[in-house]
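What you are looking at is a predicted structure, and each value in this text was computed from that prediction instead of being measured. Just so it is clear: chains get the letters A, B, ... in the order the sequence lines come, proteins before strands, and each one is counted from 1.
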Amino acid sequence: MTLPMESMYQQIILDHYKHPQHHGLPEDFDAEVHHVNPTCGDEVTLRVRIADGQIAELGWEGEGCSISQASTSVMSDLVAGKPIDDAMQLQEKFLGLMQSRGNSELTEADEDELEDAVAFEGVSKYPARVKCALLGWMAMKSAVAEAGWSGTDVKQTEKSGSQS
Amino acid sequence: MTLPMESMYQQIILDHYKHPQHHGLPEDFDAEVHHVNPTCGDEVTLRVRIADGQIAELGWEGEGCSISQASTSVMSDLVAGKPIDDAMQLQEKFLGLMQSRGNSELTEADEDELEDAVAFEGVSKYPARVKCALLGWMAMKSAVAEAGWSGTDVKQTEKSGSQS
Amino acid sequence: MTLDVEAVRKDFPILSREVHGVPLVYLDSANTSQKPQVVLDTLTDFYAMHNANVARAVHTLGSEATNAFEDARDKVAAFINAANRDEVVFTKNSSEALNLIAYSISNATTFPGADQFRIGPGDEIVVTEMEHHSNIVPWQLLAQRTGATFRWLPIDDDGRLVDSSIDEIITERTKIVAFVHQSNALGTINPVSRIVARAKAVGALTVLDASQSAPHLPLDVQALDVDFVAFTGHKMYGPTGVGVLWGRYDLLAAMPPFLGGGEMIETVDMTGTTFAAPPHRFEAGTPMIAEAVGLGAAIDYLSALGMENVAAREHELVTYALEQLATIDGLTIIGPDVPVDRGATVAFTLAGIHPHDIAQLLDEQGIAVRAGHHCARPVCVRYGISATTRASFGIYTTTEEIDALVRGVTKVKEMFS
Amino acid sequence: MTLDVEAVRKDFPILSREVHGVPLVYLDSANTSQKPQVVLDTLTDFYAMHNANVARAVHTLGSEATNAFEDARDKVAAFINAANRDEVVFTKNSSEALNLIAYSISNATTFPGADQFRIGPGDEIVVTEMEHHSNIVPWQLLAQRTGATFRWLPIDDDGRLVDSSIDEIITERTKIVAFVHQSNALGTINPVSRIVARAKAVGALTVLDASQSAPHLPLDVQALDVDFVAFTGHKMYGPTGVGVLWGRYDLLAAMPPFLGGGEMIETVDMTGTTFAAPPHRFEAGTPMIAEAVGLGAAIDYLSALGMENVAAREHELVTYALEQLATIDGLTIIGPDVPVDRGATVAFTLAGIHPHDIAQLLDEQGIAVRAGHHCARPVCVRYGISATTRASFGIYTTTEEIDALVRGVTKVKEMFS
Ligand SMILES: Cc1ncc(COP(=O)(O)O)c(C=O)c1O
Ligand SMILES: Cc1ncc(COP(=O)(O)O)c(C=O)c1O
C-alpha cells in the first residue's frame, strides 16, 4: 500500500509497533503505574527502578493503537538507563512537539536528542491522536515521580495539553 | 413631519390616542379587569356591564404607548353596545390581523367590520408591538368572560399569539 | 421519487475538497453532517441584511430578525408535525435539550406548584445501555441531585434492546424513560411504540433522543406519542450551535424554568420573578438567532427532498454497505448486521487492528470515518471492546464511496499484516 | 492611533442597507452588534472547507475543525489576558455562562468533594439593582434551590451604585457577589476594584457580567481580579449562539459539572461517570464550533483596531451624544448624564411620549434604537418609569448618526405636540 509522503505511519512507528522495545514488566521495581486514555481506551502499565538518579530499569505492557504502543516503545529505548533529568527534558521536548499542531520547529539538536521519537511529528496535526502518542511518556513521568523523584526544574505543562 | 406612506402611525391612531373613546370607568359594572403588558409596561383597567347578551356598557383607563391606548379606544367604539358574540368574532378577526406578520389578506367585508381597527394593520409587521395593539382587546375578552359569559363557539387562539 | 444524489452532492461545497491529495469521501455524518450552500447563503444573508436581536426590538431590523427566527420555529414545528408551534424550544444542541428536562425536573423539588414533576428516593429513571453520553449523564446527575435511582434496559448480542427487560425494568417506580430513537453507535432503530406503551402503562414520562433519526427518517411527534423529543441542528445539515427540544404543551406549560435570564421572564422584580409561557420560558438570553434561521433553511432543503425518499435511499445504502463489508475477512459488525430496523450507520471491528489506526489510515486515503466509543462507551463495555470504526451515511453518500471504504479497509489490513 | 470610522463602516455590509427608503442608522449595538464581512467569510469558509465535529474525529477535517475551534479559545484567552487557555469555557451566550456558575454551585450540595462551593440558608448572594435579568434570575433561582438569601446593592438618582451600601450589604454572610461591569440600561461603569476588595475581605466569590464591556473596553481578567467573567459573542461583532465563561483555573477545576453529555466526561459507565478537566467539563455535547471560530475572527478584528482606541473613540461619541441630547427640551437622561465612568449607551425619557412610540417613529426615519426596560426592569422600577428609549453606539457609529438621532427625536416631539 502506498501512503501519502506525509503519512503519520512512518516505517519506524510500524516497526516499533510490531517489535516493541522494553516490553514486559520487570520483577524488580520501585514504582508501577497504570495509565488509560479514556477517550480511546489505550492502556499502558509501566514499571521503573531508580538508582543513582538514573532510570535503571523500565518495562511495560499495553494495549491500544499503534501510535500509543509504538510511542511507548520508542520512549523506553530513549530513557532507559538515562539520568532522570535527561529523561524529563526529553519528555518536555516530546510534549512540546506533540503540542505543536503540526508547526513544530525542531532544531537539528532536537532531532538528534529525540531520535526515533521524531517520527511522531505528524501526529501533532491530529489533536485526537496526541494523547495516544503521549500515553507512555506520561506514564513514565508519573512512575518516576512515584518512585520518589521530585525534580522541580521542569515546569508543569500538562494543563495546556488538555485541548486534545 | 412627513412619514413614510406605510407609517404605523395612521392619523386615525393619533386621533384616537389624543381623543380616546369610552375613556373613564363606569360606576355600574359587572366585571373589572386590569391587564399589563409585562414587556413594555402598558396597562389598561377596563369595566363592562352585560345585559341581554350584549356589552351594555364599557369604559377604561390606561397608560402606555399610543398603539395600546388608541387600540383600546378603537375597540371600545367597535364593541360597546354590540352582542357579545359579535364582539368576540371581531376580537378573533383583530387577533388574526395582528398575527399576520404583515401578510394579512383582509376582504372588503373584513374591512367593513373592523372599521378604524384596520388602521393597525401595519403593527402586525412588528412582533414587539403586536401585544400593545392587543392589550385592550384581550382585556375586553377577559372582562366579558369574568362577567359570566361562557361562549364556546370561538376557539382558543391566544396560545399562538405568544411569539411576539 | 428517488433522490438525485449527484444533484444533491453539487449543493455541498465541501464535497469538492481534497484531503491528502485525493477527493474527500465523507462517511462521518452521524458525527456531524455537511452543510448545503443554501444554509451558508441563509446565514450570510441574515447577518448581512437582517441582523438584529429578536423579540426586544421595535425597529425594522428587529422585526425582520424576529420574523425570521419565528418562521424557523414554524418550520421545525411542521417538520416534526408538532400540534403547536409553541412546543418547539430552541437549545444549543441535543445535549442541552436533554439537560433542560433533567434540570427542570430537579427544580420542581423547590419550585412552588410543580409537584407533578417531583422525583426522589424510590423513584426510578430508566435509559438504555445503547444511549449516547448526552442521554446518560444528565440522568445520572439528576439521580444524584434527587436521590432517585438510575436504571437501564440492556442490549443483546445483536445490538438490540432485550425485549423482556422492557416490562421488567420499567415498573410502577419508573418516572422517566429516556431512550434513543436510532443509536449512533450501533445503527439500531428502537421499538418506540413498544416502549411508550409500557411507559404509559406505568405513568412514566417519555423522552426520545432523536438526534440520529431527525436527519434520516420522517419524524411525527404526535404519532410517536412520546412526551419530549430532542434533536440537534448540526447533524441534520444545519449549523452548529442550535438544537431543539419539543415537548407536549401542557407539560412545558407546567414545568419549572431551567436557565434564568432575559426573554424567559414575564416580569422581574428584585423580590420575585414570574416566568413567560413556553417556548420562551426555556429560552433564556439572546437565542442562537442566525443558527435557528439556518436550521430552517436546512429543513426546507430536506423537506424538498422528502424525508420518505431520504429514508428509502439510506436504507439502500446500508443494505449495500452491510453486504460489501461482510466480504472482508476478520471484520465484525457491531450492531445489527441485517438492514432491518436500523439506520445507515455501520460500526465494525477488524481483528488485530485498532480502530484508531484504521480510521487514520483511511483518512490518509481521503476517507473520513470515526473511531472510538462514539460517546456511547457502555456499548463498547458491553461487547468487551475498546472502540469501533464507524462509517455513517447521509443524503450525499454514494455506493462508490462505500466501495472506496471497502477497498480502504482491505488496504489497511494488508499494511498491518 | 484613532479609529478610521469610515474604513470600519465599509467592513459592515448591513450598514449600506436602507430601511423605509432611508439609509439605516443603527444605534442598537448594546442589544446586538452588527458583523463585519470577515466574520461572515470565516463562517462560510469554515462550513465550506473545514466543517467536522471537534475533539472526536481522527480524520483531516476533524483535525482542522478542532484546531480552528481551539485556536478560537486561544484568541479569547489572549483578548482577556487569561493566565491559562483552559480557563475559557464556550457557552451559548452570557446567560448560560451565568447560569452555569449558579447551577454548579447548587450541584455542590449533592456532589461529593465539592463542599467549598456549598451554600444554604443563612448564606447570601448579592447582585446590584442595575443588573440585566440574566444576572438576576439565575441567582434568584439559585437562592430558591439552596435556601440562600438574595440581596442587592441599590442605585442612586444618578444611576450609580450607592457607595456606602457596598460595605453594608456585602458581609461575612455573602458567598457570591455578581455584578455588571457596564450597565446595559444606564451606561454606568461600576467600580470593580472597590467591590472586589470588599468581596475578598469577606471571602465571597466574584462574578463579573462583562457582556457590555467586552465589546467596548480593554478587558484584563487578571487585573480585574474577579473569579468569573461572562460575556457574549453577538454583542462584540461575532456570531449569535456563542458566549464565554472565564473562571480561575483552580475554581473551575474544583467545581461540579453543569450540563452532562458528550465531551464533558472522562469516562462513562452505567454505574458512574468521571468528568473531564476544564474547560471540557463545562462543554457538554457538540459545541458551537463555527460560532466560536467566528468569534475568533471578530476578536482578531477588534484587536487590529485596538481596544484602547475603541474605548477612546466611544468615549468621544458618548460625550458628544450627552451634549447634543441635553439640547432637547423635556428629555431626561436615565443614567449618568456626564461622560465619566460610563460607556456609550444612552437611555432617556421624553416628557409625555411613550418610548415605544419614540422608537417606532425613529425607525420610520431609518434610526434603530431600543425601547423598553432593556431586560433590566428593576432599573425602571427604581426610577418609577415603565420604559426608556436607548441609543447605543459601537465602532461604526458616527457623530452624524448622533445628529440624526437628535433631529429624529425633535421630529417625534413635533408630531405628538
Ligand atoms: C449586561 C448584560 N448582561 C447579560 C446579557 C445577556 O446576554 P445574552 O443575551 O447574550 O445571554 C446582556 C444582553 O442581553 C447584557 O446587556
Ligand atoms: C444519539 C445521540 N444523542 C445525542 C447526541 C448529542 O448531540 P449534540 O452533541 O449535538 O448535543 C448525539 C451526537 O453527538 C447522538 O448521536
Side-chain angles (χ1 to χ4, degrees), chain A residues 1-20 23 34-45 61-74 98 101-102 119-136 163-164, chain C residues 18-24 28 31-32 133 137 185 334 347 349-390 404 406-417:
Chain A
M1 171 183 182
T2 42
L3 280 171
M5 288 291 290
E6 84 280 26
S7 174
M8 183 189 296
Y9 292 80
Q10 302 292 309
Q11 196 56 46
I12 295 174
I13 295 180
L14 289 176
D15 289 346
H16 272 276
Y17 180 56
K18 291 176 187 169
H19 311 286
H23 200 257
H34 178 71
H35 273 212
V36 178
N37 177 347
T39 50
C40 55
D42 291 344
E43 299 189 21
V44 65
T45 305
E61 282 182 351
E63 224 181 284
C65 68
S66 60
I67 302 298
S68 68
Q69 304 302 299
S71 179
T72 305
S73 170
V74 167
M98 285 304 101
R101 299 193 196 168
F120 294 88
E121 192 170 357
V123 176
S124 71
K125 271 183 282 187
Y126 296 85
R129 303 306 299 281
V130 166
K131 277 195 180 163
C132 306
L134 287 174
L135 184 70
Q163 109 216 22
S164 57
Chain C
E18 299 200 333
V19 294
H20 298 294
V22 285
L24 171 67
D28 197 19
N31 199 356
T32 200
H133 294 164
V137 185
I334 305 297
T349 57
L350 202 55
I353 311 182
H354 193 283
H356 277 183
D357 291 324
I358 300 169
Q360 198 83 57
L361 282 161
L362 287 175
D363 179 60
E364 296 190 352
Q365 303 169 61
I367 304 167
V369 299
R370 188 170 169 197
H373 52 47
H374 316 298
C375 294
R377 189 173 168 275
V379 168
C380 287
V381 173
R382 165 66 177 80
Y383 297 115
I385 53 185
S386 68
T388 66
T389 304
R390 183 187 72 184
V406 172
R407 275 196 310 276
V409 171
T410 309
K411 278 193 197 169
V412 173
K413 272 184 64 182
E414 285 164 17
M415 183 163 173
F416 271 85
S417 66

Response to the item:
For C:D357 and A:I67 the tightest heavy-atom approach is OD1-N, 4.1 Å

Discussion item. With a 4.5 Å cut-off on side-chain heavy atoms, are C:H354 and A:D42 touching?
Written reply: yes

Worksheet item: Minimum heavy-atom separation for A:M8 to C:E364, with atom names?
Response: N-OE2, 2.6 Å

Item to complete: Working to the nearest 0.5 Å, report the span between OG of A:S66 and CD1 of C:I353.
Response: 9.5 Å

Item to complete: State, to 0.1 Å, how close A:K18 and C:M415 come at their nearest heavy-atom pair, and which atoms those are.
Response: NZ-O, 3.6 Å

Worksheet entry | Parallel, tilted or perpendicular: ring planes of A:Y17 versus C:F416, cut at 30 and 60 degrees | perpendicular

Discussion item. Any non-hydrogen side-chain atom of A:C132 less than 4.5 Å from a side-chain atom of C:H356?
Written reply: yes

